[in-house]
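Presented below is the structure to which this report refers.
In what follows, chains carry the letters A, B, and so on, assigned in the order in which the sequence lines appear, proteins first and then strands, with residues in each chain numbered from 1.
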Protein chains: 2
Amino acid sequence: MTGTRETKAPKRHATPKADKPARPITIHDVARHAGVGSMTVSRVIRGAANVSPAMREKVEAAVSVLNYQVNVAARATRSQSTAARIGILYSNPSASYLSEIMVGGLEQSSKMAGHLLLERCEGLAGQQAAVERLLASGVDGVILPPPLCDSRPTINRLLAEGVTVLALATARPMDDVSCVRIDDYAGALAMTRRLVALGHRDIAFIKGDPLHTPTEVRFEGFLAGMAEAGIAIRDDWVAEGLFTYRSGLAAAETLLDGAARPTAIFASNDDMAAAALAVAHGRQIAVPRDLTVCGFDDTAVATTVWPELTTIHQPIAAMGRTAVALIAEEIRARKAGDAPAPNHHLMKFTLIERGSSGPVPER
Amino acid sequence: MTGTRETKAPKRHATPKADKPARPITIHDVARHAGVGSMTVSRVIRGAANVSPAMREKVEAAVSVLNYQVNVAARATRSQSTAARIGILYSNPSASYLSEIMVGGLEQSSKMAGHLLLERCEGLAGQQAAVERLLASGVDGVILPPPLCDSRPTINRLLAEGVTVLALATARPMDDVSCVRIDDYAGALAMTRRLVALGHRDIAFIKGDPLHTPTEVRFEGFLAGMAEAGIAIRDDWVAEGLFTYRSGLAAAETLLDGAARPTAIFASNDDMAAAALAVAHGRQIAVPRDLTVCGFDDTAVATTVWPELTTIHQPIAAMGRTAVALIAEEIRARKAGDAPAPNHHLMKFTLIERGSSGPVPER
DNA sequence: CTGAAAGCGCTTACAG
DNA sequence: CTGAAAGCGCTTACAG
């Protein structure tokens, strides 16, 4: 929660305007004001090509004077042949990344007069039922956030019905499906390099859920970074996790109670890194003085714990926006009769250094 | 992340249907199929009153046979006089409750053919700018999640422009603004009673950010519960917090390092309870054997930490749904020329017992 | 209680 | 390059 400090005195607000503008501004108001036909206005606001600069200018002026806003609903009715009905099928509504995906996606889809449908599913059976509901409501495309982004059965069912699919934040792009993602390999490599640059050589790694595609890819990035630095991997410093806090607890306990203790723990997501922090705390190991801990994803927990986590930031909201834009374009192309190739869109990640990492402790 | 276990073999999916149904089912298709006028269909799908049972039945049959889905966009154009443009003004996109509010709100608004606008703001200046953006885009109503739900300046600005406002999850309803909330007082009271029932008498409390309305109200609920049980409040067992994890860390350290140690800590939100857990862990105090910890809100962190938190569950998604439904109704009434009184809607909370609480330790 | 007509604000053909 | 006409699928008056 953000602290918003403000005057407590509830000063009486001005007399409320009883009547809001009775009728919203339409394309015709703009046309009249600009002295052109409504079609010209329609062309300008859509960004169509065939408009003379003079006309365009007049219309744009009128739009800004009148503070005209397109009525997306009306637009949708008519261009319904082009407007997309896009579903987001999610399984974990409390996952902190979901709100950001939705914020981004919704922003984009309302800009584009698209229609966003949210469908939730629980478990495997629920997944099938949710897909059928989505299908029944006539979606043109479905965005799959993790972990559904890697569910081949779901994807196949959707594709079989001619629905466009986009896998969001998968680590392994598929040939027949578009995706928006970061480079998990490069992210893990960058983090490993940073740890090495801080002087760490005794670096432990906590792997994620073996069923999720980022798990292996991030581990490979870590291995590459270690190999590059000429550091051998110790089996007892590679712990298995499941991306959950609880699994991170167990993994970190193993790592910190072993015969030799690493100077850094690279957990392959933030939840597990937060758990490592708690375990270190329990062992009276000061972070980052005696131990560096870092995570991956930059979800809410990264800035909730103390010290805050050094981690790899995924631009989740932007990924949501991009996903909606891409899938809408693909749907449009498909409706126009094209057979667009799946688009694999890579976004930039950022290594964010916060309080949980520091130079290797002196011996 | 939910583990979705599934067959790995990517069995080739059936030949994709090249063409989706060219034309979606309309109200007229249903009318023809049912042998009635389209107006009757319209009435049935809207749930209007004046339809004979016989007609209704025929229409409903046709709807289900044809798998008809209302075209919300089309509906919105016509009932645009009634359809609402509702904004959600939020300040903390990574807050885990936000995704649930949005999921709920979006579900509801797409059912109602409403239009949901998301507007984000940062800081106080950003808050004003965001309100102006919302105003410029012609919103009819704005939903304010915490902590903006208690921002009088924002509310006043909105009201002054004739915009309907709904405060979501505020602890102090305002006379001139609708709200959807739980009873924070009763929630804190229920939790305190539960702790007492478990045999605890040495109960510490961690307060929240003094600028947020739930802070005082939850504390009052705690005081009432203690008074009811005839337990005196010890000043050194009431710690100040800010609803953040970090503040919880400091508060819990004070509580657990004091001369006398409580057998239970009631933190007034989950983030601070999670912090208390970490501190207990650091002090080798076993939870719940030696110490009971409980929180409030049932946000994502409550089930992320270990042991999972006993807490008061707020039905956030349902609150989002309800908020949209209520504000839409209020907007409709206002547009119809009424002056509806603000609606104060109270939702039920639930006390959820998980692993972090248990009976008082034997002496 | 039922339905034929008119219209929501926009865009897609269609003429200039 | 520009605009008058028709229509998107639904709902709001308006007649029976």
Side-chain angles (χ1 to χ4, degrees), chain A residues 21-59 63 66 68-85 110-115 137-138 332 335-336, chain B residues 21-59 63 66 68-85 110-115 138 332 335-337:
Chain A
R23 203 177 47 79
I25 309 293
T26 77
I27 210 178
H28 300 105
D29 300 319
V30 176
R32 204 172 313 123
H33 190 98
V36 304
S38 341
M39 260 321 295
T40 303
V41 177
S42 171
R43 287 197 182 92
V44 171
I45 60 175
R46 265 178 298 147
N50 320 330
V51 187
S52 68
M55 284 276 167
R56 183 178 301 275
E57 214 165 294
K58 279 197 278 186
V59 172
V63 163
L66 267 35
Y68 165 77
Q69 301 276 342
V70 262
N71 178 326
V72 261
R75 171 178 284 179
T77 18
R78 204 56 190 89
S79 51
Q80 155 228 29
S81 39
T82 26
R85 223 177 254 201
S110 65
K111 261 189 210 160
M112 304 180 342
H115 206 216
S137 67
R332 198 206 50 69
K335 282 190 176 166
Chain B
R23 203 177 48 79
I25 309 293
T26 77
I27 208 180
H28 300 105
D29 300 318
V30 177
R32 204 172 314 124
H33 189 98
V36 305
S38 340
M39 262 319 297
T40 304
V41 177
S42 171
R43 287 197 183 90
V44 171
I45 60 175
R46 265 179 300 149
N50 320 328
V51 187
S52 69
M55 285 275 167
R56 183 178 300 277
E57 213 165 294
K58 278 197 278 186
V59 172
V63 163
L66 265 36
Y68 165 78
Q69 302 277 339
V70 260
N71 178 328
V72 260
R75 171 178 284 180
T77 19
R78 203 56 190 90
S79 50
Q80 156 227 27
S81 39
T82 27
R85 223 177 254 201
S110 65
K111 259 188 211 160
M112 302 180 344
H115 205 214
R332 198 205 50 69
K335 282 189 175 166

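Atom-to-atom distance recorded for A:Ser38:OG and A:Ile27:CD1 is 6.0 Å, nearest 0.5 angstrom. The line from CZ of A:Arg32 to NE2 of A:His28 is 8.5 Å long, rounded to the nearest 0.5 Å.
In this structure, B:Arg75 and B:Ile45 have side chains that are in contact, with non-hydrogen atoms separated by less than 4.5 Å. With a 4.5 Å cut-off on side-chain heavy atoms, A:Leu66 and A:His33 count as touching.
Between the NE2 atom of B:His28 and the C1' atom of D:dG9 there is a distance of 7 Å, rounded to whole Å. Rounded to an integer number of Å, the gap from B:Asn71 CG to D:dG7 C1' is 14 Å. Whole-Å rounding puts the B:Glu57 CD to C:dT2 P distance at 13 Å. Here D:dG9 presents its P atom at 14 Å from CG of B:Leu66, a figure rounded to the nearest Å. Between B:Ile25 atom CD1 and D:dC8 atom P the separation is 15 Å, expressed in whole Å. Taking atom CZ on A:Arg32 and atom C1' on D:dG3, their separation rounds to 15 Å, with Å as the unit.
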Worksheet item: Going through the distances and angles, do B:Val36 and B:Lys58 end up as a side-chain contact (heavy atoms from CB on, under 4.5 Å)?
Response: CA-CA 8 Å; B:Val36 305; B:Lys58 278 197 278 186; 4.3 Å; yes
Discussion item. For B:Asn71 and B:Thr26: C-alpha separation, side-chain torsions, deciding distance, then whether side-chain contact (heavy atoms from CB on, under 4.5 Å) applies.
Written reply: CA-CA 8 Å; B:Asn71 178 328; B:Thr26 77; over 6 Å; no
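Close to D:dT11, at under 4.0 Å from its OP1 or OP2, lies a side-chain N or O of B:Arg75.
Within a heavy-atom distance below 4.0 Å of DNA chain D, the residues of residues 37-56 of chain B found are B:Met39, B:Ser42, B:Ile45, B:Arg46.
Each of B:Asp29, B:Val30, B:Val51 was evaluated against B:Val41; a single residue qualifies, B:Val30, per the side-chain contact (heavy atoms from CB on, under 4.5 Å) test.
No donor-acceptor contact under 3.5 angstrom links the side chains of A:Ser52 and A:Arg56, judged on distance only.
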Worksheet item: Dot-bracket for DNA chain D, 5' to 3', with Watson-Crick and G-U pairs under 3.5 Å, [ ] for crossing pairs and | for other-strand pairs: what is it?
Response: |||.||||||||.|||
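With C:dC10, C:dG3, D:dG3 as the choices, the nucleotide that has an atom nearest any side-chain atom of B:Val36 turns out to be C:dG3.
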